[in-house]
Amino acid sequence: MKQYNPHEIEPRWQDIWERTGANKVAEDSSRPKRYVLEMFPYPSGDIHMGHVSNYTYGDVLARFSRMKGFDVLHPMGWDAFGLPAENAAIKHKSHPAKWTYANIDTQKASFQRMGFSYDWDRKVVACDPEYYRWGQWIFLKFWERGLVERRNSPVNWCPDCKTVLANEQVIEGCCWRCHSEVEKRDLTQWYFKITDYAQELLDDLDQLTGWPERVKQQQANWIGRSEGASVDFELATKDASAGTGEYITVFTTRADTLFGCSFFVLAPEYKDLPAMVAGMPQEREVLDFAEAAKKVSAVERAQGNREKHGVFTGRYVINPVNGEKVPVWVADYVVADYGTGAVMAVPCGDQRDFEFARKYDLPIIPIILTEDDPLYPQLKDEKGRVVTSVDWDAALEAEGILVQSGPYTGLVGGKHSEGEDAVVRALEQSGRGHRTVEFRLRDWLISRQRYWGNPIPAIHCPECGVVPVPEEDLPVLLPEDIDLAAGETLATHEGFAACMCPKCGREARRETDTMDTFTCSSWYYLRYTDPHNAESPFDPSMANGWMPVDQYIGGIEHAILHLLYSRFFTKVLRDMGMLDFDEPFTNLLCQGMVLDEHGDVMSKSKGNVVSPEKMIAEYGADAVRAYMLFMGPPDKEKMWNEDGLAGMFKFLNRLWRIVCDLVGEAGDQTLFDAEAAAKAAAGKGAHANAMDMKRERHRVVGKVTADFERNNFNTAIAAIMELANTTAAFLRVKPAEHRVNCQTGGPLCRDVAETIVKLMAPIAPHWAEELWCGVLGNEESVHAQAWPDFDPELAKADEVELAVQLNGKVKAKIMVATDEAEDAVKQTALDAIAAQLEGKDVKKVVVVPGRLVNVVAK
RNA sequence: GGGAGUGUGGCGGAAUGGCAGACGCAGCGGACUUAAAAUCCGCCGCCGGAAGGCGUGAGGGUUCGAAUCCCUCCACUCCUACCA
């Protein structure tokens, strides 16, 4: 018998598949399409177990889909721009491209050793000019559509990466990549106006029925839609004697609490603050405070002890509902870039305002109460204001009854309450406010002050201002002669910036910022559909033909970042007429992390990293793939255990022998030394007859098919193991007889052997191919075969075992014919527990066909 | 503070409201072997000699029947964070 030797067969088949173009996309329009995509990797060194898990899931689905008759697009590429390459270049006094392309080669070789079925002709590498020129082209189109803006505002600056970051890239006040504390700086930067699409990005989450709920929830929270009102407060003159006619607008979701506004707060960065305090006695103190507050690091502001600080500005605003003058403070708990950077403070209804009022001894006016509040009887009918301070422990943020609120007294107050609605309508009538919606989502800051990225195609002309690079001049190429180790940047590079203004022809300077790498990953899935197009990023007919991606697979860390940006790009390209769908990814699978055997994250510093290459070298890629799938559900964390991998390797060996035995290829080395096996079993071992065998074959094909379609790979493999166990029991009876049966054309053994090999083909492609061609003697690849059929009728047994329960507790087991009439089943069940029913009154008998009978008796 | 999720043997994990623990790992026993490895067969939730009883984080509820649905609580994980 031929032994299973992964180290011999794996490279051999990889080579054959490559030579024969087995993984080429067929582009066969007669078959339904399926686009299976895994998030493309960043080429940082060799692959790790996370890659193995991600790409194994994708490969299994791609192979399964091909066998199911789909025309499958399953491409791979690299997200190749970014800082790690630049840092490596500085360290090794080399060029980022060198490091990047070397890592791509390494990773590609590893992917090939894993047996992943990518069509390498469609490889997309983000740092190739033939790809990034189209990123620049898209930038220009966005610009034409008014979706690109250059503006000055406080931005997140990572001092380590020496670049600005988008909001989404700041995690708990730290840089998403290097975890340094992020600082705020005022800079002029390039933005994509993703906020123009905020509402649609939120609404269309409902279309994404194939996405995990938590990802949609995270996106919804990030977009952060709030319904409320904007309210104008008139600024009082410096001596507070009258109104100035100038207004400060606030956003509030609680207009119902306007009567409880006892002070007003501006963010330290509030743009008119210096003008407001100019010449006031408080000027120095206010400006010093604002400066200090801005310097407090994002981390301190975001985490831990959130002690609020503030100072009085000396100015007052006039409350539009009651004409009261309210003191204006500046405080560090107001965020500058949400709403208007100014808030009305209602300490009795907002915990933050409450804490601030307590600290600075500002009035806490009760205007919303619960009915059991001791103040309620006194205030429920009172129209004026009789109580101006309370000794509460906390604000009432929940619903309550409005009191001391003029005409609104007695109404229910709270978010979206009748009180809120009444106040907003009154504001609208008086012209002092209106309904509005605020989003938490900020525009996407895309410029980066780094070399290794896609150059922003813009030119600064002293005459014409900022001018787009003409389409025909694309791509703006990155200069290759740059000495990053010496601190050279695009801005200081000799020659890169110098250019002529395309409008007026005068000397001008090229933009030296590059684009966020997330712009590269926002449309690569479209390029795969038409990767060699030299005329445009992709032909719409190609993209519309393949898209949307039917199954997207990647890490949960992109729940907001990449997935939100890609959805945005898709919608803009749709509005440009290049795409005819709204959402790029129909089904999303977020795979769980691969942890070490103790459940810890694998990391170099912990020294617990398991090397995929080492595992392949020891057990072969097929065992690694199969074990990865078997460890657990794909979206859950998985604990790597090498004993488990060794067990899977043993299983592949055992199943190999079973297949050989089925078709009589085992020779003297048959799986079961008949005598020994018989002795071992000593008459007690399970045996299976041809009926059992046939039934199990159909049942398992049904189960595996359903499991693959639900991405339940672990239970699919468990089912194949059950089929293996039944087959072994079947062969155990009279192996020699079966072999003869097979050789004379008896179809069952052959069918079971072929079925096993086909079911395993997506999981262990080399193993299956070798058995298919080398042992079963077929000419054409197993991966080109149709997925095995099954007949649900044949999967049914003629007899089933039912549990007999008495009041829900199992008391006995009975065997009945599958099609036995219900009354007969009842009687059999009652007979089976007759002893326990002695002296009891049977109230009810519930029969669940094929499962159990429950007898209810007292 | 807000949001999402998880909790089942020694371990990884199975179970459209219907026999909890499929499948595997580890362990134990046996066959084969001079022996070991490999392989093959079997046992394997807890208490109990057995009969039987108890068991899916804890406590309630709905139901003929709950790991699964509802309520309260506990523990852990992830995301997010002064968003007015």
Considering just the side-chain nitrogens and oxygens of [X], establish if one lies under 4.0 Å of OP1 or OP2 belonging to [N].
| X | N | answer |
| --- | --- | --- |
| A/K415 | B/rA84 | yes |
| A/K811 | B/rG53 | yes |
| A/R440 | B/rA84 | no |

(message) Taking the nucleotide of RNA chain B with the nearest heavy atom to each, does A/E801 or A/Q836 sit closer to the 5' end?
(response) A/E801
Side chain [X], main chain [Y], donor-acceptor under 3.5 Å:
| X | Y | result |
| --- | --- | --- |
| A/D707 | A/A716 | yes |
| A/K359 | A/K308 | yes |
| A/T340 | A/T249 | yes |
| A/N807 | A/A857 | yes |
| A/D353 | A/V346 | yes |
| A/N641 | A/E597 | no |
| A/N854 | A/G808 | yes |
| A/E397 | A/Q351 | yes |
| A/D443 | A/I194 | yes |
| A/D332 | A/H309 | yes |

Could you tell me whether [X] and [Y] make a salt bridge, using a distance below 4.0 angstrom between a side-chain N and a carboxylate O?
| X | Y | answer |
| --- | --- | --- |
| A/K216 | A/E213 | yes |
| A/E696 | A/R699 | yes |
| A/R435 | A/E420 | yes |

In whole Å, what is the span from the [atom1] atom of [X] to the [atom2] atom of [N]?
| X | N | atom1 | atom2 | result |
| --- | --- | --- | --- | --- |
| A/R654 | B/rC23 | CZ | P | 11 Å |
| A/E637 | B/rU77 | CD | P | 11 Å |
| A/I720 | B/rG24 | CD1 | P | 12 Å |
| A/D643 | B/rG10 | CG | P | 19 Å |
| A/L852 | B/rC19 | CG | P | 6 Å |
| A/E397 | B/rG1 | CD | P | 12 Å |
| A/K636 | B/rU8 | NZ | P | 12 Å |
| A/N725 | B/rG42 | CG | C1' | 13 Å |

(message) One pair to check against side chain to side chain contact (heavy atoms under 4.5 Å, CB included): A/M615 and A/Y627. What are the steps and the verdict?
(response) CA-CA 11 Å; A/M615 294 299 121; A/Y627 177 58; over 6 Å; no
Rounded [atom1] spacing from [N] to [M] in Å:
| N | M | atom1 | value |
| --- | --- | --- | --- |
| B/rC28 | B/rG45 | C1' | 16 Å |
| B/rA4 | B/rG9 | C1' | 29 Å |
| B/rC54 | B/rG7 | P | 25 Å |
| B/rG59 | B/rA66 | P | 15 Å |
| B/rG17 | B/rC79 | P | 30 Å |
| B/rU80 | B/rA15 | P | 30 Å |
| B/rG18 | B/rU68 | P | 11 Å |
| B/rG52 | B/rA58 | C1' | 26 Å |

(message) Syn or anti for B/rG12, given that syn means the glycosidic angle lies within 90° of 0?
(response) anti
May I ask you to list the residues of [range], by number, that have any heavy atom positioned under 4.0 Å from an atom of RNA chain B?
| range | answer |
| --- | --- |
| residues 337-348 of chain A | A/Y338, A/V343 |
| residues 214-230 of chain A | A/R214, A/Q217, A/Q218, A/N221, A/W222, A/S226 |
| residues 248-267 of chain A | A/F251, A/T252, A/T253 |
| residues 624-633 of chain A | A/F630, A/M631, A/P633 |

(request) May I have the step-by-step check of side chain to side chain donor-acceptor pair (under 3.5 Å) for A/E168 and A/Y565, ending in yes or no? (result) CA-CA 10 Å; A/E168 290 79 9; A/Y565 296 148; 2.8 Å; yes
(request) List the steps, then state whether side chain to side chain donor-acceptor pair (under 3.5 Å) holds for A/R432 with A/N319. (result) CA-CA 10 Å; A/R432 303 297 292 274; A/N319 188 334; over 6 Å; no
What's the closest nucleotide to the [X] side chain, out of [options]?
| X | options | answer |
| --- | --- | --- |
| A/D350 | B/rC23, B/rU39, B/rA84 | B/rA84 |
| A/M721 | B/rU39, B/rC23, B/rG18 | B/rC23 |
| A/V848 | B/rC23, B/rA20, B/rG18 | B/rG18 |

(message) Looking at every heavy atom in both A/I833 and A/L806, which two are closest together, and how far apart are they?
(response) CD1-CB, 4.3 Å
(request) Provide the closest heavy-atom pair for A/L445 versus A/A166 in the form atom of the first, atom of the second, distance. (result) O-CB, 3.7 Å
Check every strand shown and say whether [X] touches a base, only sugar-phosphate, or nothing at a heavy-atom separation below 4.0 Å.
| X | answer |
| --- | --- |
| A/K638 | nothing |
| A/K308 | base |
| A/K858 | nothing |

(message) I need a per-nucleotide contact map over nucleotides 54-76 of chain B, read 5' to 3'. Cutoff is protein heavy atoms under 4.0 Å; write B for the base, S for backbone only, - otherwise.
(response) ----------BS-----------
(request) Could you summarise the pairing of RNA chain B as dot-bracket text, marking Watson-Crick and G-U pairs under 3.5 Å with ( ) or [ ] inside the strand and | across strands? (result) (((((((..(((.....[....))).(((((.......))))).(((....)))..(((((..]....))))))))))))....
(request) Assess whether side chain to side chain contact (heavy atoms under 4.5 Å, CB included) is satisfied between A/L441 and A/L564, documenting all intermediate values. (result) CA-CA 11 Å; A/L441 182 70; A/L564 187 67; 3.9 Å; yes
(request) Count the heavy atoms belonging to other residues, nucleotides or ligands that lie under 6.0 Å from NZ of A/K809, then report whether that count exceeds 12. (result)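 Incorrect, the count does not exceed 12.
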(message) Run the side chain to side chain contact (heavy atoms under 4.5 Å, CB included) test on A/I368 and A/R254 for me, step by step, so that the C-alpha distance in whole Å, both residues' side-chain angles and the decisive distance to 0.1 Å come before the verdict.
(response) CA-CA 11 Å; A/I368 184 162; A/R254 293 297 304 277; 3.5 Å; yes
